[in-house]
Amino acid sequence: MTRVSDPSAPRIAIVGATGAVGNTLIDLIEKRGFRYRDIHLVASARSAGTELSVDGESHPVRAVDEFDFSTVDLAFFSAGTEASQQWVPRATAAGAVVIDNTIAFRMDPDSPLVVPQVNAHELDRRPKSGVIANPNCSTIPLVRLLKGVEQRWGVRQAVVSTYQAASGLGHPGIDELKDASRAALDHPDEAYPAKEFTPSLAFNVIPKIDRFLDSGFTLEEQKMLQESRKILGLPHLDVTTTCVRVPVVNGHSEAVWIETHGVVDREELVEVLAGLPEVTVHDRESRHAFPTPATVDAPDRVHVGRVRVNPNNPRAFWLWLVADNLTIGAALNAIQIAEELVDRGTL
């Protein structure tokens, strides 16, 4: 049981508690033993009244438009960008610190964008805005690896192709992929009506995530550049990305090409990556080992494989990474931010 009477433990709210990330937050609070004095589950009006269990106790889901944020010290927001734009200012005005899992505040200069394994020092003081932004689900595992490479060799450029799962769009994305896949098998000559993914994601890959920008890149691709620069404190870092949706239920993958300032030895590179917090290098012992979304069994770690230094350019290398986007890419990062806030006494 992680609910305690200790007055130093925070009172918390989860906004978007019925969604995929909200469900994962609840699961991680239980598994990690995150101590809280009180917990409130909050969602849209249509989900109000639903009962969810936390630590074996049933809690009613409350409507966000009726919730009193002055009753909490810390609020996790994972209900979508529009909801954050509307309700986060109300939460911070009531005195709550917000950990927001949307794009709404990521580039706000008064809101730190935090990956605790990379820039936890940003949590030494309460943010001016009252908001700590949780980065994009594909940015988080990438910067966790780039941090170690930057410290050892310096990073000149990163070229990334992502392979992003349907769960990036939450329960609706998962449900549509499953339904569309069944329909495609049962009725291969009929078009499945696509809502979350256009065209249908069933037995398909879609080289577009989020909206197109005038540059020809998508917003998802721009996020990875801007967020990586802000988190790593490298305003001129060159990161270029193609983001692709793939017919995987959960677990994002990335093929990453990194050019450095120094000559890279593969064995040293493997040891540097393996020495990073909560990173598993699968081809450390055997170069034929690699992770996949379907086979990794530790959702709280970044999984790496296919580590290859380019024989024609020893200052560059490839690697493959896999991370659970609902855990590493969202809920776990948020919980680890909260744990740091408690440890540092900045709530």
Practice problem: Please list all pairs passing the salt bridge (Lys or Arg N to Asp or Glu O under 4.0 Å) test where one or both residues lie in residues 88-111, with sequence neighbours left out. | Solution: Arg106-Glu227

Quiz item: Taking only residues at least two apart or on different chains, which pairs with a member in residues 320-343 satisfy salt bridge (Lys or Arg N to Asp or Glu O under 4.0 Å)?
Solution: Arg32-Glu339, Glu340-Arg344

Quiz prompt | Sidechain-backbone polar pair: Ser167 side chain, Gly170 backbone, donor-acceptor under 3.5 Å | solution = no

Quiz item: Excluding sequence neighbours, so at least two apart, what forms side-chain hydrogen bond (donor to acceptor under 3.5 Å, both in side chains) with Arg308?
Solution: none

Quiz item: How are the rings of Phe69 and Phe77 set to each other: parallel, tilted or perpendicular (split at 30° and 60°)?
Solution: parallel

Exercise. Would you kindly confirm whether Ile209 and Leu201 end up in one hydrophobic cluster when ILVMFWY residues are joined by side chain heavy atoms under 4.5 Å apart?
Key: no

Quiz item: Counting heavy atoms not belonging to Glu267, are there more than 12 under 6.0 Å from its CD?
Solution: yes

Self-check item: Tyr192 atom OH, neighbour heavy-atom count above 12 within 6.0 Å
Solution: yes

Quiz item: Could you give all pairs that pass the ring-ring contact (aromatic ring centres under 6.0 Å, His included) test and reach residues 80-136, with sequence neighbours left out?
Solution: none

Self-check item: Residue pairs fulfilling ring-ring contact (aromatic ring centres under 6.0 Å, His included) with at least one residue in residues 248-278, sequence neighbours excluded
Solution: Trp257-Trp318

Practice problem: Scan side-chain atoms only and decide if Ser111 and Ser129 contain a donor-acceptor pair under the 3.5 Å cut-off. | Solution: yes

Quiz item: Quick one: do the Gln164 and Thr162 side chains pair a donor with an acceptor below 3.5 Å?
Solution: yes

Quiz item: Heavy atoms, side chains only, cut-off 4.5 Å: are Ser253 and Thr292 in contact?
Solution: no

Practice problem: May I ask you to test the Leu321-Val256 pair for a side-chain heavy-atom distance under 4.5 Å? | Solution: yes

Quiz prompt | Partners passing side-chain contact (heavy atoms from CB on, under 4.5 Å) against Lys195 (at least two apart in sequence or in another chain) | solution = Glu176

Quiz item: At their closest point, which heavy atom of Ala43 faces which heavy atom of Thr18, and how far apart are they?
Solution: CB-OG1, 3.9 Å

